[in-house]
Colleague: 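What follows is a single structure, and I will ask about it in a moment.
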Amino acid sequence: MIVLDVLSSLLMLSGVALAVLAGLGLVRFPDVFSRMHAATKPATLGLLLVTVGAALRQDDGGNATKLLLVAAFQFLTAPVAAHMIGRAAYRSGTGGLEELVVDELKDAG
């Protein structure tokens with residue numbers, strides 16, 4: 001039981017650290033596309049670690065399943081939300097478009 005508690009605590013602390021880093025990235029990164037990266041990847045991995053750590057501490061399998069469903073929905077919705085935010089930023093002309101190395105949307109219209 002102690003090993004499971006330590007593993008759960010480590011997972012949750014790692015997830016919280018990633019969430020804090022994602023928050024710092026949102027504040028510190030210069031443009032929309034960099035902030036979009038900070039808002040999706042470390043935050044999603046942080047949520048996954050927190051939910052897995054919390055699921056390890058559950059005695060009931062139903063509650064653990066609910067926590068894992070939260071992580072699954074986050075993995076499904078975060079890329080779609082980031083894609084839509086990126087498209088909106090591109091179409092509005094904000095977000096450091098002059099720094100793009102490859103602009104595939106320019107030719108697409």
Side-chain angles (χ1 to χ4, degrees):
M1 194 68 173
I2 291 176
V3 173
L4 199 58
D5 289 340
V6 169
L7 180 64
S8 173
S9 298
L10 286 176
L11 286 173
M12 286 196 271
L13 286 174
S14 300
V16 168
L18 280 173
V20 168
L21 288 175
L24 287 174
L26 282 175
V27 174
R28 299 292 297 168
F29 284 162
D31 57 14
V32 173
F33 300 113
S34 299
R35 289 180 182 162
M36 203 169 56
H37 172 76
T40 54
K41 291 180 178 77
T44 303
L45 182 59
L47 179 69
L48 176 68
L49 291 175
V50 168
T51 54
V52 169
L56 288 176
R57 299 198 47 116
Q58 298 296 318
D59 293 332
D60 184 15
N63 289 336
T65 303
K66 289 175 189 172
L67 287 170
L68 295 178
L69 278 175
V70 168
F73 283 125
Q74 178 70 20
F75 269 93
L76 289 175
T77 57
V80 174
H83 179 77
M84 298 307 291
I85 291 170
R87 281 280 191 151
Y90 182 84
R91 294 204 185 272
S92 67
T94 60
L97 295 176
E98 63 278 350
E99 297 178 12
L100 290 177
V101 177
V102 177
D103 190 2
E104 294 177 350
L105 291 176
K106 185 176 183 179
D107 298 330

Colleague: Distance check, rounded to the nearest 0.5 Å: L26 atom CG versus L21 atom CG?
Modeller: 11.0 Å
Colleague: For a quick test of reading the model, state the closest non-hydrogen atom pair linking V50 to V16 and the distance between them.
Modeller: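 It is CG2-N, 4.0 Å.
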Colleague: Specify the closest pair of heavy atoms between M36 and G86, including all atoms of both residues, with the distance to one decimal.
Modeller: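 Between these two residues, the closest heavy atoms are SD-N, 3.4 Å.
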Colleague: Write down the atom of S92, the atom of A89, and the distance for their closest heavy-atom approach.
Modeller: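 Distance-wise, the nearest heavy atoms are OG-O, 3.1 Å.
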Colleague: Could you grab the distance from atom OG1 of T40 to atom NE2 of H83, nearest 0.5 Å is fine?
Modeller: 13.0 Å
Colleague: What heavy-atom pair brings P42 and H37 nearest, and what distance separates the two atoms?
Modeller: CD-O, 3.4 Å
Colleague: For a quick test of reading the model, state the closest non-hydrogen atom pair linking S34 to F29 and the distance between them.
Modeller: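 Result for this residue pair: O-CD1, 3.3 Å.
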Colleague: Heavy-atom distance under 4.5 Å between the side chains of M12 and R57, does that happen here?
Modeller: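 They are in contact (side-chain heavy atoms under 4.5 Å apart), so the answer is yes.
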Colleague: Between T51 and L48 (side chain of the first, backbone of the second, donor and acceptor by atom type, cut-off under 3.5 Å), is there such a pair?
Modeller: yes
Colleague: Using the rule that Ile, Leu, Val, Met, Phe, Trp and Tyr join whenever any side-chain heavy atoms are under 4.5 Å apart, tell me whether L11 and V70 fall into a single cluster.
Modeller: no
Colleague: Please report the interatomic distance CG(L69) to CD(Q74), rounded to the nearest 0.5 Å.
Modeller: 13.0 Å
Colleague: For S8 and L56, work out which heavy atoms get closest and say how close.
Modeller: CB-CB, 4.2 Å
Colleague: Atom OG1 in T44, atom CG in L49: separation rounded to 0.5 Å?
Modeller: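 That separation rounds to 11.0 Å.
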Colleague: Would you compute the distance between atom OG1 of T94 and atom CZ of F33 and round it to the nearest 0.5 angstrom?
Modeller: 7.0 Å
Colleague: Quick one: are V52 and L67 in side-chain contact, heavy atoms under 4.5 Å?
Modeller: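 Side-chain contact under 4.5 Å: no.
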Colleague: What's the separation between atom CG in L18 and atom CG in L13, rounded to the nearest 0.5 Å?
Modeller: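 One gets 11.5 Å once the value is rounded to the nearest 0.5 Å.
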